[in-house]
Amino acid sequence: MLGNFVYSNPTKLYFGDNSLNYLNEELPKYGNNVLLVYGGGSIKKNGLYDEVIAILKANGKTIFEDYGVMPNPTVAKLYEGCERLRACNADLILAVGGGSVVDYAKALSVSAYSEEDPWQKYYIEFKEPDNKIVPVGCILTMVGTGSEMNGGAVITNPESGLKIGHVFGDNVFPKFSILNPKYTYTVPMYQMVAGIFDTMSHILEQYFSGDDDNTSDYIMEGLMRSLIHSAKIAVKDPYNYEARSNIMWTATWALNTLVAKGKSTDWEVHMIGQAIGAVTNATHGMTLSAISLAYYKLIMPYGLDKFVKFAKNVFLIQDLATKEETALAGLAALEAWMKEIGVVMNISELGVTKDMFADIIKATFINTTGYKTLTKEDIYAILEASL
Ligand code: NZQ
Ligand code: ZN
């Protein structure tokens, strides 16, 4: 049964290979000063930077820049960005990049005018913004996080060994997002595959929780089937527009809040993955792929019927002799797909060694909404099985 919920998503999407033209429709809605936020330079290499600058100039904007946003953006970068944003008095933050850039832009939007320390306020105390929020617009270049249509903003604090996501309300969602699948063509294969698995993980996290019959699960089964199919094509043929556009659209719907409505969700793989990310700075999607099978095998007995449903409805596996066998066949099919697309299958490949387990366990938040509430020993066992 679906529980009660409120649904609204204020982000306006422009999708397709002509979508950048719509920036001309959005820019007049905001004041003169635009802070252009981007990462380590991929947008300069592929020409997108020049295109965006030309449109900003044609619209008479005064352009300020904040670049060098690193994958897994840090709190030190956030502090630096706050000063820059205040100094230029931006009316719009235009984020051009992947999840790290878009997350950072959202964190910046709520932090620059905060009187309290933003790390403490948003990431330790999980308070909501009570100060001026600068609007964010997004031009997405890397697919996976869903940051283009949600309120998530993950920030890493290397000093305290924590990587924490705050999911802000819809007043912090990007006001608009421009999604051109062609901008993702230049994403390196490793990052593309990491993004595909991140998307898969977002769906699994919301699917493997609860035992009711609800529309959201059926939507997710469809999204997973599309993703599995398109990913196989994209790894062989990265310039396949059909596959890349389907992956982009699936990633957005996987985490724009819709499929979580009216049902419980888990998110424990992300909790462990973020802890691994805090300790190693590894690529987000790969921190998830490296531990997912061990995690799902551990919780499978506690949510067996859903695992059977997954095997039958996502991988089209026929009933085997027992429910356990059918469920395990589903996980085996997931594993085969992961190997086929080439995700990282163990944490040692990410630089994790046993002496890091204690720090990872310490940094892992334990959720109570999955099929099993993990103990510290469970997390140790998952890490050990994932080495
Ligand atoms: O910095 P540049 O030079 O742009 O290079 C980036 C970066 O090195 C590169 N890249 C992006 N687009 C490219 C490209 N290279 C060539 N051509 C392009 N078109 O890819 C690298 C990775 O980019 P990044 O933005 O870090 O990847 P992703 O989109 O996976 O974002 C990861 C961050 O998002 C957070 C993660 O924790 C991590 O910090 N997440 C955000 C979520 C949310 N907002 O809801 C949820 C997720 O679960 C996730 O936690
Ligand atoms: Zn993720």
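Remember, it's 1-based here, ligands and their atoms both numbered in the order they're listed. The first residue in the sequence is number 1, and the count goes up from there.
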Parallel, tilted or perpendicular: which one describes the rings of [X] and [Y], with boundaries at 30° and 60°?
X: His270; Y: Trp267; result: perpendicular
X: Trp337; Y: Phe197; result: tilted
X: Tyr296; Y: Phe208; result: tilted

Give the contacting part of [X] toward ligand 1: side chain, backbone, both or neither, where contact means a heavy-atom distance below 4.0 Å.
X: Tyr183; answer: backbone
X: Met70; answer: neither
X: Thr283; answer: neither
X: Val187; answer: both
X: Ala194; answer: neither
X: Ile43; answer: neither
X: Lys45; answer: neither

Suppose I only count heavy atoms of [X] and a 4.0 Å limit; which atoms of ligand 1 are within that range?
X: His270; answer: 48 (O)
X: Leu255; answer: 45 (O), 46 (C)
X: Ser147; answer: 44 (N)
X: Gly39; answer: 1 (O)
X: Asn72; answer: 38 (C), 39 (O)
X: Asp198; answer: 47 (C), 48 (O)
X: Thr141; answer: 11 (C), 12 (N), 13 (C), 18 (C), 19 (N)
X: Gly152; answer: 44 (N), 45 (O)

Minimum heavy-atom distance Ser209-Asp266, with the two atoms named: CB-N, 3.9 Å
Over all atoms of both residues, closest heavy-atom pair of Val259 and Ala254: CG2-O, 3.9 Å
Salt bridge (charged side-chain N to carboxylate O under 4.0 Å, His left out) between Asp211 and Lys306, intermediate numbers included: CA-CA 7 Å; Asp211 52 13; Lys306 188 55 99 37; over 6 Å; no
Minimum non-hydrogen distance to atom 18 (C) of ligand 1, winning option of Thr199, Asn281, Asp103, Thr186: Thr186
Can you confirm, on distance only, whether ligand 1 has an N/O atom lying under 3.5 Å from any N/O atom belonging to [X]?
X: Gln191; answer: no
X: Ser42; answer: yes
X: Val101; answer: no
X: Val154; answer: no
X: Gly41; answer: yes

Name the closest protein heavy atom to [atom], giving the residue it belongs to and the distance to 0.1 Å.
atom: atom 30 (O) of ligand 1; result: Met142 CE, 3.5 Å
atom: atom 29 (O) of ligand 1; result: Gly99 N, 2.7 Å
atom: atom 26 (O) of ligand 1; result: Ser100 OG, 2.6 Å
atom: atom 1 (O) of ligand 1; result: Gly40 N, 2.7 Å

Check: Phe168 ring centre within less than 6.0 Å of Phe173 ring centre: no
Within-shell test, Gly151 vs ligand 1, heavy atom, strictly < 4.0 Å: no
Under-4.0 Å protein heavy-atom contact, atom 6 (C) of ligand 1: no
Heavy-atom protein contact below 4.0 Å for atom 38 (C) of ligand 1: yes
Short N-O contact, Glu384 and Lys354, less than 4.0 angstrom: yes
Interatomic distance, Leu140 atom CG to Thr252 atom OG1 [nearest 0.5 angstrom]: 7.0 Å
From Leu223 atom CG to Tyr218 atom OH, the distance as rounded to the nearest 0.5 Å: 15.0 Å
From CA spacing to verdict: side-chain contact (heavy atoms from CB on, under 4.5 Å), Val187, Thr141: CA-CA 8 Å; Val187 172; Thr141 67; 5.7 Å; no
Which single N/O/S atom of [X] lies at minimum distance from the Zn ion (ligand 2)?
X: Asp198; value: OD1
X: His202; value: NE2
X: His270; value: NE2

Salt bridge (charged side-chain N to carboxylate O under 4.0 Å, His left out) between Arg225 and Glu221, worked out: CA-CA 6 Å; Arg225 288 176 62 178; Glu221 287 165 0; over 6 Å; no
Name of the residue among [options] meeting side-chain contact (heavy atoms from CB on, under 4.5 Å) with [X]:
X: Val352; options: Ile360, Val279, Leu383; answer: Ile360
X: Tyr122; options: Glu116, Glu128, His166; answer: His166
X: Leu20; options: Asp17, Asn18, Leu23; answer: Leu23

Lys312/Asp319 under side-chain contact (heavy atoms from CB on, under 4.5 Å): CA gap, chis, key distance, verdict: CA-CA 7 Å; Lys312 291 169 70 169; Asp319 274 321; 3.1 Å; yes
Intermediate values then yes/no, side-chain contact (heavy atoms from CB on, under 4.5 Å), Ile272 and Val269: CA-CA 5 Å; Ile272 304 173; Val269 170; over 6 Å; no
Given Trp249, Trp253, Tyr183, the one that forms ring-ring contact (aromatic ring centres under 6.0 Å, His included) with Phe15: Trp249
